[in-house]
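This report refers to the structure that appears directly beneath it.
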Amino acid sequence: MKINPGTLEKWRKFKANKRGYRAFWVFLSVFILSLGAEFIANDKPIIVRFDGHWYFPVVRTYPETFFGGEFDTPADYTDPAVRDLIRAKGFIIMPPIPYSYDTIVYDLPVPAPAPPSAKNRLGTDDLGRDVAARLIYGVRFSLLFGLMLTVLSSVVGIVVGAVQGYFGGKTDLIGQRFMEIWGSLPQLFVLIVVSSVITPGFWPLLFVMLLFSWTALVPVVRAEFLRARNFDYVKAAHALGASPVRIMFRHVFPNAMVATLTYLPFILSGAVVSLTALDFLGFGLPPGSPSLGELVRQGKENLQAPWLAGTAFLSLAFLLTILVFIGEAVRDAFDPRKNP
C-alpha cells in the first residue's frame, strides 16, 4: 500500500515537534491501559486455578459453589473463606490493585479517608474506596466520553458548517443568526438545568453536552467552504452535474480537513473539562460512578486529606497538558510554513 507523499510530509512535521510526538505516545499508552482497567484494578481475580480447572472471574461470574462453597451466589473473592477454599486446591492471581472503583476497604488502620499506604497507594476517599482504582476507571470514562463527544460534535459541526458555506445566501444568513443566538446562551447554566431534569447517565449526558459542543467547528468549516465554493474545480464539477453533497464532501471538504484536525485535540480537552465540571457540581454521572469531577469534589469536601485534591489536580493537569501538546503538534503538521 503506497502512502501519499503529502501524508508522509505531515507525519514528519508531526514527529519534528518532539514534545507533541512524545505526548501522543504517552496519551496512547494511558488510553490503552485505561481500557484494560479491569485487569489493573479489580476485586475479582484475573485467573483462578481450582481442582484442575481454569476460571477467569474478571470476564465471567462464577457462583461460590464452583469453588466448594455453600451458596449459589456470585463468589466474593474478598472473603477470606472463599480464598482459602480456592487455595486449598489451586491458586488465585489478583490484579495489581485488588480493588474495583466501588470496592469499600473495611480493614483500614484509620478512619476514612485514609492516607496513602502500601495497601492503598493513593489512599482512600471518605467512603473507604481506593483512590487509585477510581482514578484509573475515571480516566477511562473521561477519555471515552470525550472521544465520543468529539467525534459526534465534529460530525454535526462539519455538516452544518459545510451547508452554510457551500450554499451561502439566505441559508448562511439564517444559520449565522441561529449560531449567534445559540452561542449567546449561558452554556454551563443550561447544561446544569437540563442535567437536573433528565435522569443522569452516559447517553443522556452525552446528548446534553452535544447540544453545545458542535458549534466549535462550524465557523472554521464555513470559512473554508465559502472560500472554496468559487474555485474553478468546484464550478467544473457543478457543470458536469455532480450533486451538491458530492461536491461538498468529495471535492471541498478535504481542504477543510486541515483546520478541522487541528481543532480536535482541543475539543477533546474541552469535553473532559466540561464533564469534570458537571460531575464536580453534582449534575453529571449517577452517584458512585468513577469520575475525575467526583474526585475533585472529594478533595474539596475533605481538605484534611490533601492526597485527594492532589491526585485530582495532577491527573487533570497531566491529561489536559498532553492533549494541548498533541494539538500543537497537529497544528504544526498541517502548517505549510513549518519545515520538518
Side-chain angles (χ1 to χ4, degrees), residues 23-47 56-61 77-78 92-106 108 112-149 201-202 205-206 268-269 271-280 284-299 302 305-323 326:
F24 169 74
W25 286 110
V26 171
F27 172 79
L28 195 61
S29 301
V30 170
F31 181 59
I32 293 175
L33 286 174
S34 68
L35 291 179
E38 285 81 5
F39 296 90
I40 300 174
N42 207 329
D43 55 6
K44 297 179 180 179
I46 300 175
I47 299 174
F56 304 94
V58 74
V59 296
R60 182 180 174 185
T61 301
Y77 301 96
T78 61
I92 183 171
I93 299 178
M94 294 294 295
I97 301 175
Y99 308 105
S100 186
Y101 66 88
D102 57 351
T103 304
I104 298 178
V105 185
Y106 291 102
L108 294 173
S117 62
K119 187 176 181 180
N120 305 106
R121 295 170 181 82
L122 295 178
T124 68
D125 60 14
D126 56 7
L127 295 179
R129 300 170 298 190
D130 187 77
V131 173
R134 293 186 66 78
L135 176 62
I136 295 172
Y137 283 89
V139 167
R140 179 177 70 175
F141 189 91
S142 296
L143 292 180
L144 286 175
F145 185 92
L147 287 170
M148 290 189 65
L149 182 62
F202 182 91
L205 188 59
L206 183 67
L268 176 56
S269 62
V272 172
V273 171
S274 299
L275 176 63
T276 302
L278 286 175
D279 279 333
F280 172 74
L285 300 173
S289 301
S291 70
L292 298 179
E294 195 268 345
L295 187 57
V296 174
R297 188 170 70 250
Q298 286 270 351
N302 298 278
W307 58 89
L308 294 175
T311 301
F313 170 77
L314 291 176
S315 57
L316 274 173
F318 172 76
L319 278 180
L320 298 180
T321 299
I322 61 175
L323 286 174
I326 293 171

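Residue indices begin at 1 and follow the sequence shown.
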Exam field: side chain Ser291 to backbone Gly138, donor-acceptor pair closer than 3.5 Å: no

Partners meeting side-chain contact (heavy atoms from CB on, under 4.5 Å) with Asp102 (sequence neighbours left out): Ser100

Pairing residues for Ile93 by the side-chain contact (heavy atoms from CB on, under 4.5 Å) criterion, not counting sequence neighbours: Ile47, Phe91

N/O donor-acceptor pair under 3.5 Å between Asn120 side chain and Pro116 backbone: no

Closest approach of Gly146 to Ala271 (non-hydrogen atoms, all atoms of both residues): CA-CB, 3.9 Å

Evaluation steps, side chain to side chain contact (heavy atoms under 4.5 Å, CB included), between Leu135 and Leu292: CA-CA 7 Å; Leu135 176 62; Leu292 298 179; 3.8 Å; yes

side-chain contact (heavy atoms from CB on, under 4.5 Å) partners of Pro45, counting only residues at least two apart: Val48, Pro57, Tyr77, Ile92, Met94

ring-ring contact (aromatic ring centres under 6.0 Å, His included) against Phe202, all qualifying residues, sequence neighbours excluded: Phe141, Phe145

Approximate separation, where rounding is to 0.5 Å, of Leu122 CG and Ile97 CD1: 7.5 Å

Approximate separation, where rounding is to 0.5 Å, of Leu144 CG and Leu206 CG: 11.5 Å

Inter- and intrachain pairs under side chain to side chain donor-acceptor pair (under 3.5 Å), touching residues 133-142, at least two apart: Glu38-Arg140, Arg134-Glu294

Qualifying residues under side-chain hydrogen bond (donor to acceptor under 3.5 Å, both in side chains), relative to Asn42, sequence neighbours excluded: none

Nearest non-hydrogen partners of Leu108 and Val105, listed with the distance: CG-O, 3.5 Å

Separation between CG of Leu35 and CD1 of Ile40, rounded to the nearest 0.5 Å: 9.5 Å

CZ-OH distance between Arg129 and Tyr101, expressed to the nearest 0.5 angstrom: 10.0 Å

Straight-line distance of Arg121 CZ to Tyr99 OH, nearest 0.5 Å: 9.0 Å

With Ile326 via side-chain contact (heavy atoms from CB on, under 4.5 Å) - residues at least two apart: Ala23, Phe24, Phe27, Pro265, Val330

Shortest non-hydrogen contact between Ala37 and Ile136, atoms and distance: CB-CG2, 3.7 Å

Please list every donor-acceptor pair under 3.5 Å in which a side-chain atom of residues 311-321 meets a protein atom from a residue at least two apart or in another chain.
{"unit_1": "Thr311", "atom_1": "OG1", "unit_2": "Trp307", "atom_2": "O", "d": "2.7"}
{"unit_1": "Ser315", "atom_1": "OG", "unit_2": "Thr311", "atom_2": "O", "d": "2.8"}
{"unit_1": "Ser315", "atom_1": "OG", "unit_2": "Ala312", "atom_2": "O", "d": "3.0"}
{"unit_1": "Thr321", "atom_1": "OG1", "unit_2": "Ala317", "atom_2": "O", "d": "2.5"}

Nearest heavy-atom neighbours spanning Leu127 and Ile104: O-CG2, 3.5 Å

Ala133 backbone acceptor or donor facing Asp130 side chain under 3.5 Å: yes

Distance in Å, Leu308 CG paired with Asp126 CG, rounded so as to fall on 0.5 Å steps: 7.5 Å

Test log, rule side chain to side chain contact (heavy atoms under 4.5 Å, CB included), inputs Leu275 and Phe280: CA-CA 8 Å; Leu275 176 63; Phe280 172 74; over 6 Å; no

Any side-chain heavy-atom pair of Val139 and Val30 under 4.5 Å: yes

Partners meeting side-chain hydrogen bond (donor to acceptor under 3.5 Å, both in side chains) with Thr78 (sequence neighbours left out): Asp76

